[in-house]
Every structure is written in C-alpha cells, then in structure tokens.
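Treat the numbers as computed from the prediction; the structure is a model and nothing was measured.
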Amino acid sequence: MAEKKDWKETLNLPRTDFPMKANLTKREPEFLKYWEEMGLYQKMLNTREKAPLFVLHDGPPYANGHIHMGTALNKILKDFIVKSKRMAGFNAPYVPGWDCHGLPIELNVERELKVRRGELPKLTVRKHCRAYAERWINIQREEFKRLGVIGDWENPYLTMSYDYEATIAREFVTFLSKGYVYRRKKPVYWCTHCVTALAEAEVEYYDHRSPSIYVKFPLDEDALAALPEELRKGPVSILIWTTTPWTLPANLAVALNPEFDYVVVQLKDEFLLLAEGRLSALAAELGLEKVPPILGRVKARDLEGKHARHPFLPRKSLIVLADYVTLEAGTGCVHIAPGHGEEDYETGLKYGLEVYAPVDAEGRFDPELPEIGGQHIFEANAKIIEILKERGNLLWVTEITHSYPHCWRCKKPVIFRATEQWFISMEANHLREKALEWIDKVRWIPPWGRERIRNMVEKRPDWCLSRQRSWGVPLTVFTCRACGTILKDYQYYEKTIQLFEEHGADIWFEKEAKDLLPPGTQCPRCGGEEFQKEEDILDVWFDSGVSFAAVLERRPELKFPAELYLEGSDQHRGWFQSSLLCAVGTRGRAPYEAVLTHGFVVDGKGRKMSKSLGNVIPPEKVIKRYGAEILRLWVAAEDYRDDIRLSDEILARLTEAYRKIRNTCRFLLGNLYDFDPEKDLIPPEELPEFERYLLFRLSRLTERCLKAYENYDFHLITQGLHQFCAVDLSAIFIDVSRDTLYCEAPEAFKRRAAQTVLYHALTTLTRLMAPILSFTAEEIWRYLPGPKEAESVHLASFPAPVLREVPEDFKQKWERLFALRSEITKALEIARKEAKIIGNSLEAEVVLVPPAELAAFLQENQETLTYLAIVSQLTVAQEASSEEGTVLYESAELPGLKVLVKRARGRKCERCWKWSETVGQREDLPALCARCYQVVQQIDDQTA
RNA sequence: GGGCCUAUAGCUCAGCUUAGGUCAGAGCGCACGCCUGAUAAGCGUGAGGUCGGUGGUUCGAAUCCACCUAGGCCCA
C-alpha cells in the first residue's frame with residue numbers, strides 16, 4: 001500500500017507574506033519615510049487639483065513643551081478629516097501652524113537665562129524667545145508626524161514669521177482705523193517692588209497677615225430718606241469689612257447683594273446696616289454676649305443709587321448692587337474701589353464710576369492725598385486705621401492670615417492697580433451684535449456649541465488687548481507728544497507694516513517713532529511732529545485670532561472662509577471666539593462655515609489627567625508600546641464629542657480589535673494569491689445567492705461608513721468595520737466558504753465566486769479604513785492582487801457600494817436562513833458539549849423537523865443550510881425522536897422547529913474532512929469523497 | 001456660585017433629539033467547550049444591565065419634565 005498521501009498539496013490553502021504580527025512600532029517609521037520620500041502630501045493635493053476645496057484650518061498649538069494626549073487627539077482627528085475628505089473627492093489641503101508668542105515662553109526663557117523681567121533688553125529677550133519657540137516647533141513637528149498625520153509640515157504657518165507678524169499689525173491697525181480700539185484704565189496685578197504689571201501666571205498664592213477691619217460708612221441723606229420710617233431716628237452707617245485698608249482712599253462705592261435681607265441693628269449707641277445672614281457671625285467676632293437687636297429691615301434695591309459718606313475723605317460713596325457679594329465672610333456689604341479690584345472694576349463700569357487708583361508704580365499714594373500722601377500703601381495701613389479711629393468710623397480691628405497673591409519673582413505681596421490698557425470695544429460698529437448673528441449662521445457640531453459660545457459672547461467684556469511684556473507683536477500705535485492725539489488712520493502705519501514684512505516686529509523696538517512713521521507726518525489735530533510709540537504688546541489671542549488673514553487669505557492653496565475649525569471645547573472661549581471677533585470686525589463675517597469640537601482626555605474612571613493624580617499617559621508611551629496605529633484607533637473608537645477615556649484596559653481592548661481586523665484582512669489576502677480580478681472577477685448578478693447576500697451586506701457597511709465619515713462619526717466606522725470583520729467575514733463567510741476555497745479546483749466557478757467576495761471585501765475595507773488605520777491600510781495596499789488605482793491607498797478614492805439593492809424577499813429569505821443557522825449551531829453545541837457525540841460540526845448530520853409553515857422553505861433550502869451550518873449532511877423530516885447517540889433540540893426562537901443531531905453517515909474524506917457515504921467508492925483513491933475525487937482527477941489531468 | 005455638557009452590561013458603543021409602547025441590542029473581554037489546513041490564529045455556546053439616583057407626566061419611559069449625585073470644559 002502506498003504511503004498516506006499528503007492531501008494538503010492538492011488544496012488551495014492560503015498563501016501570503018503579509019505578516020500576522022503587525023510589529024507597528026518598528027514598521028510605522030518605515031511607512032512614514034516612504035510617504036515622505038514619495039511626497040505623499042503634495043500628491044494628495046495634485047490628484048485633486050480641480051476638485052472642490054475643503055479647507056480645515058489648523059488651530060495653532062502653543063510652541064512650548066512636548067505634545068500631550070489632547071494635542072495628539074486633536075491632530076489625529078484632523079488627519080481623519082483631511083484624508084477622508086480627499087478620498088471622498090475633495091481637494092483637502094492641511095497647513096499646520098504654531099502659536100509662538102506669549103508669556104509662557106517668555107517666562108521659560110527668563111527661567112533658562114536666570115534673569116528677571118526687565119533685566120535684559122527687550123530685543124535680547126525676543127531673540128531668545130524666538131529661538132526657544134523654534135526649538136519646540138521642531139520637536140512637536142516630529143511628534144505630530146510620528147502619529148501619521150499628513151500635512152504641509154515643511155511649510156507650516158508660524159505666528160512669529162515676519163509676514164505673520166506684519167499681518168497681525170495690519171489687522172490691528174484695521175481695528176484701530178475702524179474705531180474699535182480705545183484706551184482706558186483697568187486694574188491688573190502689579191508688583192510695587194519689581195515695579196511691573198504681572199500676568200495671572202506670574203502670581204503665586206501664599207499665606208499673608210493682613211489687618212481685618214470693620215468700617216462704618218455713614219448713610220447720606222438720600223439713603224436715610226429711603227429707609228423705612230422707624231429707622232430714620234438717628235444716623236445709620238453701612239458696615240463693611242476689608243483686609244486692605246489702603247484701598248479705602250480709592251473707595252467710590254459700597255455694594256450690596258440684591259438677593260440678601262439687610263437689617264439695621266443697634267450696637268451700643270450706633271445704628272449699623274448689614275446683611276442679616278452675617279449678623280450672628282459678626283456678634284461672635286466682636287465677642288458680644290448676645291446678638292444686637294434688629295430695629296428694622298431694608299431692601300437693597302431701595303438703596304441702589306443712594307449714597308454713603310466716605311469714612312474719612314470729603315466724598316460720597318455710591319450704593320450699588322452686585323451679585324458676587326457673598327455671605328461667607330464680612331458683612332454682606334462690600335467696599336468698592338474700581339481701580340484696585342477686578343470685580344470692583346466691573347461694577348464701576350456698570351455704574352459709570354471712575355477707575356480711580358491714587359497709587360503710583362512704586363506703591364506710593366498720590367502726594368495730594370491728605371495725611372497719607374507719599375506714603376507706601378502697606379505702611380499706610382496703620383495710619384489709615386488710626387484716621388478711621390479718630391473719625392469714629394472704625395468699629396473693630398484685628399489681624400487675619402489668609403491666602404494672598406504674591407509676585408513669583410520677588411515673593412512679595414502684589415496689588416491690583418489700574419493702569420492704561422488698550423481695548424477692542426464689543427459695542428463699536430455693533431461688533432457684539434454682528435458676532436452673535438454669525439454665531440447663528442455657523443454650523444456647530446455638536447449643536448450645543450452654539451449656545452455655549454453665544455452665552456460667552458453675550459456677556460463678555462471688551463477685549464483687553466495690551467500686555468506689559470516683551471515677547472509678542474507690539475500694539476502699533478503712535479500718539480502725538482504735544483496733544484496726546486492717537487494716530488488712527490491706516491496711512492500712518494503702512495510703513496511700519498512694510499518694515500515688519502521685511503524685518504519682523506523687532507524693528508518696532510529697534511527704531512524710533514520718527515523712523516517708523518512716513519516722513520513728514522504731522523499730528524492731524526495740533527500739527528505736532530513728535531510722536532510716541534506704544535510699548536505694550538498684543539494679547540496672543542489676537543495673534544491666532546487673525547490666522548484667517550495670515551494663512552487662509554494668503555496661501556494660494558487655501559481660502560477664506562474655511563469649511564471647518566476643529567478644536568477642544570475650551571476653545572469656545574479661546575480661538576473660536578478670538579477668530580470670530582477678528583473676522584467679523586474686519587471682514588464682516590465668521591472665518592468658518594462650521595466648527596467641530598472634541599472633549600478632553602480623561603482616565604479610565606472619567607477623571608482628568610493630571611500630574612498630581614498620577615494618571616497621565618503621554619502619547620509617546622502608547623506609541624512605544626503599541627504603535628501610533630493603536631492611538632489612531634483609540635481616537636476613532638471613542639465618541640470624541642464627550643470626554644474621551646483612556647486606560648490600559650481600553651488600549652488592550654483596542655489592540656484585540658486591531659488584531660481581528662488585521663488577521664481578517666490577512667486571511668482575505670491569503671486566499672487571493674491566485675486571483676486576478678481582471679480575469680476572475682464575477683459580476684454581482686452572476687454570483688450565487690450567498691455571495692450576493694454578502695456583497696449586499698458589504699455595501700450596507702460601505703454606505704454606513706461613507707455617511708459616518710461625512711458626519712465625522714468616526715466611532716461608528718470603527719465599530720462597523722470591526723463588526724463586519726468579526727461577524728460577517730470571520731464567523732460567517734470565511735467559515736462557511738472555507739471548504740469551497742480550499743477544496744474546490746482552483747478555477748472552479750464556486751471558488752472564483754467566493755474569491756470575488758473576498759476581493760471586494762478586501763479592497764473596500766482597505767479604503768474605508770485608510771483615513772483611520774493609515775499604516776495598516778497602506779501595508780495591505782501593497783499586497784492587493786491586480787492593478788491598483790494609485791501607488792498609495794491615500795491617493796485612492798473611497799469605494800462605491802458594489803451591490804446597493806437587492807429584492808426585499810431575497811433579503812428576508814437570507815435573514816431567515818441565518819436564523820435557522822443559529823438554531824442549528826445551538827443544537828450542535830449541545831451535541832458537542834453535553835452529549836459529546838461530535839467534535840467539529842462536520843462530524844454531524846442534522847435532521848430538521850419544521851413546523852408546518854417552514855416545511856416548504858426548508859425543503860427548498862436543504863442544500864444551502866447544509867453548507868451554511870458547515871455540517872456533512874442535513875435532511876428534513878416529518879418527525880424525529882431522540883435515541884442513544886443523538887441530541888434533540890427544540891427551538892425557542894422558532895417555535896415548532898426541532899433539530900436532531902447525530903453522527904454523520906459514511907466515512908471522513910481525508911482531503912476535505914467532510915463525512916460522506918461516497919468515501920471509499922473509488923478503489924484508486926479510497927480515502928476521498930466523490931467531490932474530492934473529481935477535483936483531484938482534474939488537477940492531475942492539468943498537471944499531466 | 002454661574003454657563004455648557006456627559007452618565008446604557010467589565011471595556012467601547014447602538015437605541016434616546018425628528019414623533020415614549022418588540023422581552024434594552026452589538027462587538028470585545030470573561031467562563032465553558034470545539035478545532036489544529038488563518039495557528040502567539042480560528043469557531044461555538046453561555047453568564048453579565050435597578051438603562052447614575054429620586055420624584056413627576058402617562059394606561060405605559062432608557063426615551064419627556066424637575067431635582068439630586070458623580071465627572072468634564074469654561075468662567076466667577
């Protein structure tokens with residue numbers, strides 16, 4: 001007897017070099033290099049030269065520090081959009097940018113150089129800042145590229161490039177010349193020791209010991225008159241509490257909360273007005289044995305606009321309402337000095353009070369002030385307390401320790417002090433109103449973005465543009481030295497802007513006003529010829545806010561307005577808003593048609609990532625361990641409109657999902673090794689029903705994915721692709737078709753039909769996944785059989801559905817067949833696990849006993865069900881009973897259906913492993929079933 | 001404290017807003033089997049949910065309303 005033949009050689013087993021193991025960490029850099037060398041970005045544009053433009057305008061990240069998960073998420077989402085829009089037929093350029101100016105960089109540079117603000121010349125600081133920003137741009141650029149994000153990385157936009165700086169100045173001057181810009185005092189953090197304004201970020205909080213005083217503001221006649229009858233008997237004073245006596249000289253008002261109940265109480269021979277909610281606390285603080293009796297009640301609203309007398313200056317203090325007054329401390333009555341506090345300032349604006357701050361840069365009171373003029377404010381505290389005592393307006397004095405802002409350099413306490421600042425008016429030219437109109441016209445995704453930015457724009461104060469710092473674009477303003485007139489006309493600044501184009505904004509600090517102005521400039525008001533240039537720089541939000549002018553309008557491949565801005569939801573206050581205001585103010589419309597927002601990256605429990613919680617996962621760590629592809633898959637799998645969770649478990653799950661998709665594609669490739677689509681592809685209408693049904697399922701997937709790309713619903717795509725791989729292909733089509741693919745003759749129609757489905761599935765999946773799984777799609781692309789549409793998958797187009805429509809009864813028939821299949825598998829599982837009469841399903845014969853309504857259907861589809869169930873034999877009978885060695889299962893899903901499972905008849909074919917009574921019928925090849933005998937004969941004939 | 005948002009099985013998501021009435025679904029993971037011709041693969045079955053909580057509207061709510069709790073972004 002001949003030795004046992006190895007039937008494997010006669011089978012069409014999968015063949016492919018496509019590796020099962022992704023090895024992403026190693027392979028990704030190779031693809032990046034390949035894309036870079038082929039000039040992929042340029043080619044992506046070239047192939048869509050005449051297509052309609054879709055401009056996604058990049059919001060510039062700050063050029064400081066490594067990228068984090070949030071910036072990675074943002075850039076990956078943008079990459080999905082750019083790639084998918086291109087595949088969908090648009091010309092989708094992507095010009096990344098960086099935000100380069102501003103305080104954080106300046107602070108870091110000072111730290112590196114170990115110098116304080118003002119110790120180095122501005123130009124020197126600026127030079128170092130520029131180099132610093134450049135350094136981080138280069139680092140971040142590489143980090144972004146590593147994520148597989150394709151764009152014009154060689155020509156990004158930088159807010160510090162000369163032409164960009166010139167644009168900033170140009171746009172500012174436009175605002176200036178159109179009358180939006182004005183100058184007004186506003187309190188800012190101020191260090192009297194360092195003699196400088198401080199930014200929020202330059203302030204640190206430490207405990208500080210301050211006087212704590214209760215001060216009486218005697219009511220003026222108008223206020224007394226507003227009191228109820230019974231309270232008018234004697235002098236009544238509003239009682240306030242403060243820890244900064246030195247701000248009292250600047251007091252212009254006393255604020256009450258309109259919601260609180262105010263009372264007048266008698267304390268010894270004095271009548272005091274305060275909030276009822278603070279009365280007992282006050283009594284305790286003063287050490288009183290009992291709470292003073294309430295003489296009457298007062299409505300805050302009745303006192304609004306009336307007056308109190310200043311406790312020691314010959315001046316009145318306006319009684320105002322403010323809802324930020326709390327009952328947590330003090331008396332419920334708050335002393336207001338608009339020149340020395342943020343809230344005081346806002347309230348002052350509301351009531352038309354002067355922004356009064358009689359304190360010089362070094363912290364000394366104005367010389368004109370009686371008794372305290374010329375004294376340093378902190379030293380004057382004691383003197384002021386003494387004066388209050390003399391006037392009889394001090395009720396109580398102690399000391400408290402509380403958290404108080406300090407200068408980050410000299411560690412001394414800072415103050416709020418009003419200084420001249422530049423603003424853009426929200427009211428000039430109806431800026432606020434027009435911005436709100438455009439908010440309504442823009443498409444906000446998700447829709448609540450509109451409400452959010454609307455609330456902010458409705459309430460926001462005028463835009464304070466000036467910063468007392470070095471690293472930025474100067475507020476290009478000239479003022480006449482003689483009469484103080486501000487030059488607002490555009491013509492005065494043309495030369496400056498020209499010089500910025502050539503030399504950058506440094507030139508403003510290098511040259512004098514006369515060299516920046518056109519020759520012979522005279523003040524339009526007084527004819528003066530000497531001018532002063534402004535020294536402050538612009539808020540960096542203005543820099544990025546005009547990116548539409550510097551980038552969209554100036555780059556030939558882009559256009560204004562953009563189709564889309566896409567940033568985190570914090571940018572409703574930031575870039576979305578600054579861009580909107582800049583564009584509406586100068587162009588009369590929003591710079592974007594639509595705004596898409598994403599949430600923030602949080603940990604597995606939904607908590608924000610922070611150093612103190614120790615739950616930060618840097619992108620680099622994920623890339624090193626799993627590869628950028630897994631990071632991309634993560635971005636695509638989560639609904640980014642909410643907060644986006646990231647944890648080890650999530651990454652583990654995603655890795656599994658990735659493997660499933662990859663392996664499914666590998667199987668498809670392996671079974672197409674001898675398939676030439678140009679020769680072997682079968683038109684859908686000629687395919688058998690099972691194959692047609694799968695193409696229909698594939699087409700439904702295609703349509704759903706294309707729609708999801710349009711709606712930026714990437715997580716639906718990921719779920720859809722994964723599910724199709726796991727269920728439609730792996731569990732159903734592949735499992736069922738394996739016999740056909742392996743065992744039929746290579747060119748058999750049945751096999752080619754199955755391969756046709758595999759081919760369509762593969763090319764469709766590859767394209768659909770390309771924007772998301774960019775590396776893997778490209779890898780598969782290289783192995784695709786037949787001629788390719790393009791050298792890179794990213795130069796291809798999205799697939800069209802192969803078989804969009806099938807008749808309704810066809811669909812129903814196949815849904816029914818799958819319902820039956822699932823009942824058969826349940827029965828098989830019982831036979832396998834409980835009765836242990838079979839191992840794999842081919843060892844089984846199934847007898848179906850249908851209810852009457854299914855009888856005909858089962859008869860007609862007996863053969864189909866046999867291969868769908870992957871059993872060796874399947875028959876339909878009227879009746880069946882359970883005997884030894886069989887399993888009888890009664891379906892719950894399909895009432896009346898019984899499934900009998902028993903061991904298959906005949907013998908196992910050594911080639912195809914199906915059981916058949918035809919095995920052994922041929923003496924020359926007794927190990928084979930009839931089908932395999934025939935196939936092997938055929939192969940022998942051909943090779944002979 | 002204010003504005004906006006989120007909360008469905010261990011994980012990621014459907015369903016909810018455009019009309020409240022299939023027993024709330026999917027994939028993964030898990031458990032238990034099978035296979036060894038996708039093999040550091042593949043297949044099957046199964047167990048998992050008070051739909052964040054409490055009230056309300058309704059004959060009936062995961063779906064509508066109110067409040068609460070937890071979390072996020074932006075302010076104060």
Decide, yes or no, whether a salt bridge links [X] with [Y] under the criterion of side-chain N to carboxylate O below 4.0 Å.
| X | Y | result |
| --- | --- | --- |
| A:Asp639 | A:Arg645 | no |
| A:Arg15 | A:Asp674 | no |
| A:Glu649 | A:Arg653 | yes |
| A:Glu703 | A:Arg700 | no |
| A:Lys811 | A:Glu815 | no |

Of all the nucleotides listed ([options]), which has the minimum atom distance to the side chain of [X]?
| X | options | result |
| --- | --- | --- |
| A:Arg659 | B:G72, B:C4, B:A41 | B:A41 |
| A:Arg666 | B:A38, B:C28, B:G3 | B:A38 |
| A:Ala726 | B:A41, B:G27, B:C4 | B:G27 |
| A:Trp913 | B:C74, B:A76, B:G37 | B:G37 |

What pairs of nitrogen or oxygen atoms, one from the protein and one from nucleotides 45-51 of chain B, lie under 3.5 Å apart?
none

* Indicate whether the side chain of A:Gln723 and that of A:Asp728 have a donor and an acceptor atom separated by less than 3.5 Å. =>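 Judged by distance alone, the side chains do not pair up.
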* Will you find, in the side chains of A:Glu629 and A:Thr776, an N or O donor that is under 3.5 Å from an N or O acceptor? ->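 Yes, A:Thr776 and A:Glu629 have a side-chain donor paired with an acceptor closer than 3.5 Å.
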Determine the interatomic distance between [atom1] on [N] and the same-named atom on [M]; round to the nearest Å.
| N | M | atom1 | result |
| --- | --- | --- | --- |
| B:C23 | B:G42 | C1' | 33 Å |
| B:C35 | B:G72 | C1' | 47 Å |
| B:U63 | B:U18 | C1' | 14 Å |
| B:G20 | B:A62 | P | 14 Å |
| B:C13 | B:C51 | C1' | 14 Å |

* To do: Spell out, as yes or no, whether a donor-acceptor pair under 3.5 Å connects the side chain of A:Arg641 to the backbone of A:Pro446.
  =>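 No: the side chain of A:Arg641 does not pair with the backbone of A:Pro446.
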* To do: Look at the aromatic rings of A:Tyr565 and A:Phe576 and report parallel, tilted or perpendicular, splitting at 30° and 60°.
  =>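 If you compare the ring of A:Tyr565 with that of A:Phe576, the planes turn out tilted.
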* Counting only distance, no hydrogens or angles, is the base of B:C73 paired donor-acceptor with the side chain of A:Arg452 under 3.5 Å? ->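 By the distance-only test, yes, there is a pair.
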* Is a donor-acceptor pair below 3.5 Å formed from side chain A:Arg738 to base B:A38, judging by atom type as modelled? ->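 Present.
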* What's the base orientation of B:G48: syn (chi within 90° of 0) or anti? ->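 Here the answer is syn: the torsion falls within 90° of 0.
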* **Protein-to-nucleotide contact annotation, 5' to 3' order, nucleotides 9-20 of chain B [B base; S sugar-phosphate only; - none; under 4.0 Å, heavy atom]** => -BSBSS------
* To do: Mind calculating the distance between CD1 (A:Ile824) and P (B:C34) to the nearest angstrom?
  =>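 Atom-to-atom, A:Ile824 to B:C34, this comes out as 22 Å.
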Are any of [X]'s side-chain N or O atoms less than 4.0 Å away from OP1 or OP2 of [N]?
| X | N | result |
| --- | --- | --- |
| A:Lys660 | B:G42 | yes |
| A:Tyr658 | B:C28 | no |
| A:Ser730 | B:A38 | no |
| A:Lys608 | B:C74 | no |

* Asked: Base, sugar-phosphate, or nothing for A:Glu342, non-hydrogen atoms under 4.0 angstrom?
  ->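 It contacts nothing in the nucleic acid.
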* To do: Report the residue (A:Val727 or A:Cys665) whose heavy-atom-nearest nucleotide on RNA chain B is the more 5′ of the two.
  =>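 By nearest-heavy-atom nucleotide position, the 5'-most residue is A:Val727.
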* Asked: Considering heavy-atom distances to RNA chain B, does A:Cys743 or A:Asp735 have its closest nucleotide positioned more toward the 5' end?
  ->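 Its nearest nucleotide lies further toward 5', so the answer is A:Cys743.
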* To do: Could you tell me if the ring centre of A:Phe690 sits under 6.0 Å from that of A:Phe733?
  =>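 Yes, they do, as the ring centres are separated by less than 6.0 Å.
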